Amino acid sequence: MSDARVGLVIEDDHDIRELVRTVLTQAGFEVTVASSGAEGVLIAKTLNPDVITLDLGLPDIDGFEVSRQIREFSDAYIVMLTARTEELDTLIGLESGADDYLTKPFRPRELRARIAAMMRRPRSGADTEASTVEAAEGNGHSERGNYSHNGLELSYASRTVVVDGKEMNLTRTEFELLHALLEAGRTVRTKADLVRRLRDEDYDVGSYISEADERSVEVHMGNLRKKLGDSPQQPRWLQTVRGVGYRLAPSEH
Ligand code: CA
């Protein structure tokens, strides 16, 4: 297996495509580009990329549909690039399986930071890589291992979640959120904490968190809840602490 990480840029605007290609190349990716949605899906199938940046406004299929199609066979980290700022669009984008989104125009530094945070997380099934990442991390939340709670088993090293004996198919973002709650136990994690967790920052750095960032955590939590078949009223795992955030539901006995 090659060590090089593979990036795919799906974007019809030439200038933006080249800008994103440069950012990913500088981050150490082998980059392939596609200028339409159909081409992007096809290349994603062939290359099995680690990261995909996806333009929302493509000439053939829109980015939401492209993301849904790619999600059927890939757990790549999908960053949606959108020129629209309406909150609704953001939310639909997340429900289509995207892990993250950036509104155009974005600063290359911003995209670089998100890609860097993603790269510090281990890839699915990559055990040896996971332990290297853990050893190198040392930033306060590297207590990563195996968790078992109310019939749910999570293994950080193998990136698997099993519920009542059935393996779940979670996006990286959903996996990280679930892991953060299991790790915190009955301690409440605020939405801002969880945004920082997804950026791979320490919980107390005080970096700027927007309302849209917090809403995106709510949407990811909603999607996670649906996949796990958890109930907001009588949660087995994900308990909402109204107006604050989330914590792990109590143990069943
Ligand atoms: Ca476009």
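Model, not experiment: these values are computed from the prediction. For ligands, and for the atoms within them, numbers begin at 1 and follow the listed sequence. When reading the values below, keep in mind they use all heavy atoms of this one structure, side chains included, and skip hydrogens, waters and symmetry mates.
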Going by atom types only, do Thr25 and Thr22 share a side-chain donor-acceptor pair under 3.5 Å?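 No, Thr22 and Thr25 have no side-chain donor paired with an acceptor closer than 3.5 Å.
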Where do Leu228 and Trp237 come nearest, in terms of heavy atoms and distance? O-CZ3, 3.7 Å
Test log, rule side chain to side chain contact (heavy atoms under 4.5 Å, CB included), inputs Ile78 and Ile70: CA-CA 9 Å; Ile78 300 179; Ile70 289 175; 4.1 Å; yes
Using a 6.0 Å cut-off, check whether atom CG of Asn169 has over 12 heavy atoms from anything other than its own residue.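 Open.
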Taking 3.0 Å as the distance threshold, tell me the number of protein N/O/S atoms next to the Ca ion (ligand 1). 3
Can you name the salt bridge (charged side-chain N to carboxylate O under 4.0 Å, His left out) partners of Glu110, sequence neighbours left out? Arg114
Cationic tip of Arg68 within the cone over Phe64's six-membered ring, i.e. under 6.0 Å and within 45° of the normal? no
